[in-house]
Amino acid sequence: QVQLETSGGGSVQAGGSLRLSCTAPEDTFRINCLGWFRQAPGKEREGIGGIYTGGTSTAYTDSLKGRFTISQDNAKNTVYLQMSSLKPEDSATYYCAADFILCSRHPTAPRGPLDRWGQGTQVTVSS
């Protein structure tokens, strides 16, 4: 299991914003891709995007581009997911992961057991 600490989830009304945080050990944070994916009950995992921690390049899945922004704080070994204009369909458990597939041209959720990435953080958007 990769030791990633995810936080910042919660409940918000539609149209609101939330910022999720993911802190990684230094050896995981350095020269890697850290990103986000989500899974709602009964739905497949959905890649959101990622950021190259050795630089500043980001990647986003097209459907979320413009509402979701990924950034990093190198001094804190932390990446953030800023979500705005939230919709009820954004409700899901959000996971942070260290996987280059999230920094690809079409970010995809990593496969394998979810607990590899920790417990995630729940986001609930009410209408």
Side-chain angles (χ1 to χ4, degrees):
Q1 183 179 13
V2 181
Q3 299 298 321
L4 300 171
E5 297 182 16
T6 307
S7 62
S11 298
V12 65
Q13 289 191 329
S17 300
L18 279 175
R19 189 179 78 161
L20 308 184
S21 300
C22 171
T23 301
E26 185 170 354
D27 59 347
T28 298
F29 189 86
R30 186 176 59 236
I31 311 178
N32 208 334
C33 167
L34 287 177
W36 300 87
F37 68 97
R38 65 187 183 182
Q39 185 162 30
K43 295 186 177 180
E44 294 186 356
R45 298 178 197 179
E46 180 183 17
I48 296 171
I51 186 167
Y52 282 107
T53 55
T56 58
S57 296
T58 54
Y60 298 94
T61 194
D62 287 343
S63 63
L64 300 175
K65 196 179 299 183
R67 293 195 300 121
F68 288 17
T69 303
I70 298 172
S71 61
Q72 63 182 329
D73 184 335
N74 291 346
K76 298 180 179 179
N77 292 347
T78 298
V79 297
Y80 303 98
L81 177 64
Q82 178 69 48
M83 305 182 292
S84 60
S85 301
L86 284 163
K87 306 173 182 179
E89 52 264 41
D90 293 318
S91 297
T93 301
Y94 284 68
Y95 296 88
C96 176
D99 196 312
F100 282 97
I101 201 170
L102 288 167
C103 288
S104 66
R105 183 177 179 86
H106 300 289
T108 305
R111 296 182 180 181
L114 281 173
D115 61 5
R116 170 177 170 80
W117 310 112
Q119 61 185 11
T121 188
Q122 180 68 39
V123 171
T124 302
V125 184
S126 58
S127 57

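In this text the structure is predicted, and so the values were computed from the model without any measurement.
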If you group Ile, Leu, Val, Met, Phe, Trp and Tyr by side-chain heavy-atom gaps below 4.5 Å, do Leu34 and Ile101 land in one group? yes
Any idea which heavy atoms bring Pro107 and Thr61 closest together, and the distance? CG-N, 3.7 Å
Can you see which heavy atom on Glu46 is nearest to which on Ser63, and at what distance? OE2-OG, 3.8 Å
Least distance between heavy atoms, Ala14 atom then Pro88 atom: CB-CD, 4.1 Å
Closest contact, heavy atoms only, Gly50 versus Cys33: CA-SG, 4.3 Å
Are any side-chain N or O atoms of Gln72 and backbone N or O atoms of Gly55, one a donor and one an acceptor, separated by less than 3.5 Å? yes
Closer than 3.5 angstrom, by distance alone: can the side chain of Tyr95 be matched with the main-chain N or O of Arg116 as a donor-acceptor pair? no
Show, in sequence, the C-alpha distance, side-chain angles and deciding distance for Lys87 and Asp90, and conclude whether the salt bridge (charged side-chain N to carboxylate O under 4.0 Å, His left out) test is met. CA-CA 5 Å; Lys87 306 173 182 179; Asp90 293 318; over 6 Å; no
How about CD on Gln82, more than 12 heavy atoms from neighbouring residues, nucleotides or ligands closer than 6.0 Å, or not? yes
Where do Arg45 and Ala109 come nearest, in terms of heavy atoms and distance? CB-CB, 3.5 Å
When hydrophobic residues are tied together by side-chain contacts of less than 4.5 Å, even through go-betweens, does Leu20 share a cluster with Tyr80? no
Check the hydrophobic clustering (I, L, V, M, F, W, Y; side-chain heavy atoms under 4.5 Å; chains of links allowed) and say if Tyr52 and Phe37 are grouped together. no
Please indicate whether Gln39 has more than 12 foreign heavy atoms, meaning atoms of other residues, nucleotides or ligands, lying under 6.0 Å from its CD. yes
If you measure from CZ on Arg30 to CG on Asn74, what distance do you get to the nearest 0.5 Å? 12.0 Å
Once rounded to the nearest 0.5 Å, what's the spacing between atom CD1 of Ile51 and atom CG of Asn32? 12.0 Å
Look up atom CD1 in Ile70 and atom CG in Leu102, then write down how far apart they are to the nearest 0.5 Å. 7.5 Å
Near Lys76 NZ, under 6.0 Å, is it more than 12 heavy atoms from other residues, nucleotides or ligands? no
Taking the side chain from Ser91 and the backbone from Val125, do they hold a donor-acceptor pair closer than 3.5 Å? yes
Would you check if the side chain of Ser21 reaches a backbone N or O of Arg19 as a donor-acceptor pair within less than 3.5 Å? no
For the residue pair Phe68 and Tyr94, does the interplanar ring angle fall in the parallel (under 30°), tilted (30 to 60°) or perpendicular (over 60°) class? tilted
Thr23 and Thr78: side chain donor to acceptor below 3.5 Å: yes
Is a side-chain donor or acceptor of Ser85 paired with a backbone partner of Gly15 at a separation under 3.5 angstrom? no
